[in-house]
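Small disclaimer: the values here were computed from a predicted structure and weren't measured.
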Amino acid sequence: MNQALQKQLASDYQLAETTYAIAGKKLTIFNVANNYELLDKIDPDDFQKDERMPYWAEIWPASIALAEFVLTKSQFQQAHCLELGSGVGVVSVAGAIAGAQMLTTDYFTEALDFAQLNASANQVAIATQWLDWRDITLTQQFDYIFAADVLYEERNHLPILQAIAQLLTPSGTAYISDPQRPIAKKFIELATEHNFQLKTTTNPVPWRELTLSVDIHALSQI
């Protein structure tokens, strides 16, 4: 555990620590205990520019579903993998546990700090980098790309597809999990129009006394 990083984050946020049982593994995940407090910290200029909202601080069911998928597959061992919009890094931690070489990216630097804390809490290593999927500066390509619950705004669909097309190896696959939001259908249509082949599986996720359905879309370039 990176005690120094934990202390640093605890000085800025009220931390919540939760243990998730995922695919036979126990993942310890830190996030912000009260996300509503973050709303008071939003810079009006930043919000006016691109509606920056602290979605990164929440644990989303789609990230649990994608983490479970990653932990139950063998193909990620030693693979070069990228997570887009990582939030606190649940999927990236799962990828590292599965043996992947993870690059974890998000638009919020605070999210990357939490992702590093969560990697250390689970005794794995990840690399982190700030990334705006609207303006990709990375030159590396990846065997697999992960993204959990990133399809909630239609304006992000084309930038996400363009980022995947740029960052995925020709034979690679991107996995996007989504809690069956109706707007995701538009993303699927757009992906098909841009020469992506899609295969979707639906996965049940126990969540706060409920069982939710999460779709995992596998995208590959034709």
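- How far OH of Tyr152 is from NE2 of His157: 10.0 Å, rounded to the nearest 0.5 Å.
- Within the 4.5 Å cutoff, side-chain heavy atoms of Leu158 are placed close to those of Gln162.
- For Glu17, there are no salt bridge (charged side-chain N to carboxylate O under 4.0 Å, His left out) partners two or more places apart in sequence or in a different chain.
- A cation-pi arrangement, defined by a distance under 6.0 Å to the six-membered ring centre and an angle within 45 degrees of its axis, is present between Arg134 and Tyr107.
- A heavy-atom distance below 4.5 Å is found between the side chains of Asp149 and Arg181.
- Of all the heavy atoms in Ala174 and Leu168, the pair that sits closest is N-CD2, 4.0 Å.
- Less than 6.0 angstrom separates the ring centroid of Tyr13 from the ring centroid of Phe114.
- For the atom pair OG1 (Thr19) and CG (Leu27), the distance works out to 9.0 Å, reported to the nearest 0.5 Å.
- Panel note: side chain Asp106, backbone Phe108; a donor-acceptor pair is recorded below 3.5 Å.
- For CD of Gln166, the number of neighbouring non-hydrogen atoms (other residues, nucleotides, ligands) closer than 6.0 Å is greater than 12.
- Under the 3.5 Å distance criterion, the side-chain polar atoms of Asp143 are matched with a main-chain donor or acceptor of His80.
- No side-chain heavy atom of Asn203 sits less than 4.5 Å from a side-chain heavy atom of Leu66.
- Rounded to the nearest 0.5 Å, atoms CZ (Phe76) and CE (Met102) are 9.5 Å apart.
- Both Val90 and Val205 are assigned to one and the same hydrophobic cluster, defined by single-linkage of ILVMFWY side chains at heavy-atom distances under 4.5 Å.
- Listed for the Glu83 side chain is no donor-acceptor partner under 3.5 Å among the backbone atoms of Thr104.
- Inter-residue side-chain proximity for Ile216 and Ile176 is flagged as unmet; no heavy-atom pair is nearer than 4.5 Å.
- For residues 58-74, the pairs satisfying salt bridge (charged side-chain N to carboxylate O under 4.0 Å, His left out) are Glu58-Arg208, with sequence neighbours left out.
- Looking at heavy atoms from C-beta onward, Thr128 lies out of side-chain contact with Thr109 at the 4.5 angstrom threshold.
- Between Asn122 and Lys26 there is no side-chain heavy-atom pair separated by less than 4.5 Å.
- You'll find the side chain of Tyr55 stays beyond 4.5 Å of the side chain of Val150, heavy atoms only.
- Listed for the Ser86 side chain is a donor-acceptor partner under 3.5 Å among the backbone atoms of Thr105.
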| request: Test side-chain contact (heavy atoms from CB on, under 4.5 Å) on Leu219 and Thr173 and set out the steps. | output: CA-CA 6 Å; Leu219 285 74; Thr173 304; 5.8 Å; no
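- Ala115 and Ile126 get closest at one heavy-atom pair: O-CD1, 3.6 Å.
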| said: Using the rule given for side-chain contact (heavy atoms from CB on, under 4.5 Å), can you reason through Phe142 versus Cys81, listing the C-alpha separation, both sets of side-chain angles and the distance that settles it, and then say yes or no? | reply: CA-CA 5 Å; Phe142 299 85; Cys81 300; 5.7 Å; no
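- Judged by distance alone, the side chain of Asp178 and the main-chain N or O of Ala184 form no donor-acceptor pair under 3.5 Å.
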| message | Please evaluate residues Phe146 and Phe69 with respect to the criterion ring pair (Phe, Tyr, Trp, His ring centres under 6.0 Å), reporting the C-alpha separation (whole Å), side-chain torsions for both, the decisive distance (0.1 Å), and the verdict. | response | CA-CA 11 Å; Phe146 308 129; Phe69 174 84; 8.0 Å; no
| query | What do the steps show when you test Gln75 against Tyr144 for side-chain contact (heavy atoms from CB on, under 4.5 Å), and what is the final call? | reply | CA-CA 10 Å; Gln75 72 244 38; Tyr144 300 101; 3.3 Å; yes
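- Hydrophobic clustering, with ILVMFWY side chains joined whenever heavy atoms are under 4.5 angstrom apart, groups Leu84 together with Phe187.
- With contacts defined as side-chain heavy-atom distances shorter than 4.5 Å, the pair Trp133/Asn156 qualifies.
- With hydrogens and angles ignored, the 3.5 Å screen pairs no side-chain donor or acceptor of Trp60 with any backbone N or O of Gly87.
- Nearest heavy atoms, Ala119 versus Val93: N-CG2, 3.8 Å.
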| request: Report the C-alpha distance between Val32 and Trp56 in whole Å, list the side-chain angles of each, state the deciding distance to 0.1 Å, and finish with yes or no for side-chain contact (heavy atoms from CB on, under 4.5 Å). | output: CA-CA 9 Å; Val32 178; Trp56 63 267; 3.9 Å; yes
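- To the nearest 0.5 Å, atoms CZ (Phe196) and CG (Leu161) are separated by 5.5 Å.
- The main-chain N or O of Val88 is found under 3.5 Å from a side-chain atom of Asn118 such that the two form a donor-acceptor pair.
- Using a 4.5 Å cut-off between side-chain heavy atoms of Ile, Leu, Val, Met, Phe, Trp and Tyr, with links allowed through other members, Ile59 and Val214 fall into the same hydrophobic cluster.
- Nearest heavy-atom pair across Ala96 and Ala125 is CB-O, 3.8 Å.
- Counting only residues at least two apart or in different chains, side chain to side chain donor-acceptor pair (under 3.5 Å) contacts with residues 212-222 comprise Gln180-Asp215, Thr200-His217, Thr202-Asp215.
- Distance check, rounded to the nearest 0.5 Å: CG of Leu131 to CG of Leu167 gives 7.0 Å.
- In this structure, the separation between CD on Glu153 and CD1 on Ile160 is 9.5 Å, given to the nearest 0.5 Å.
- Linking Ile, Leu, Val, Met, Phe, Trp and Tyr whenever their side-chain heavy atoms come within less than 4.5 Å leaves Ile188 and Ile222 in two separate clusters.
- Nearest approach of Ile22 to Ala67, heavy atoms of both residues: CG2-C, 4.1 Å.
- When all heavy atoms of Asn31 and Ala57 are compared, the pair lying nearest together is ND2-O, 3.0 Å.
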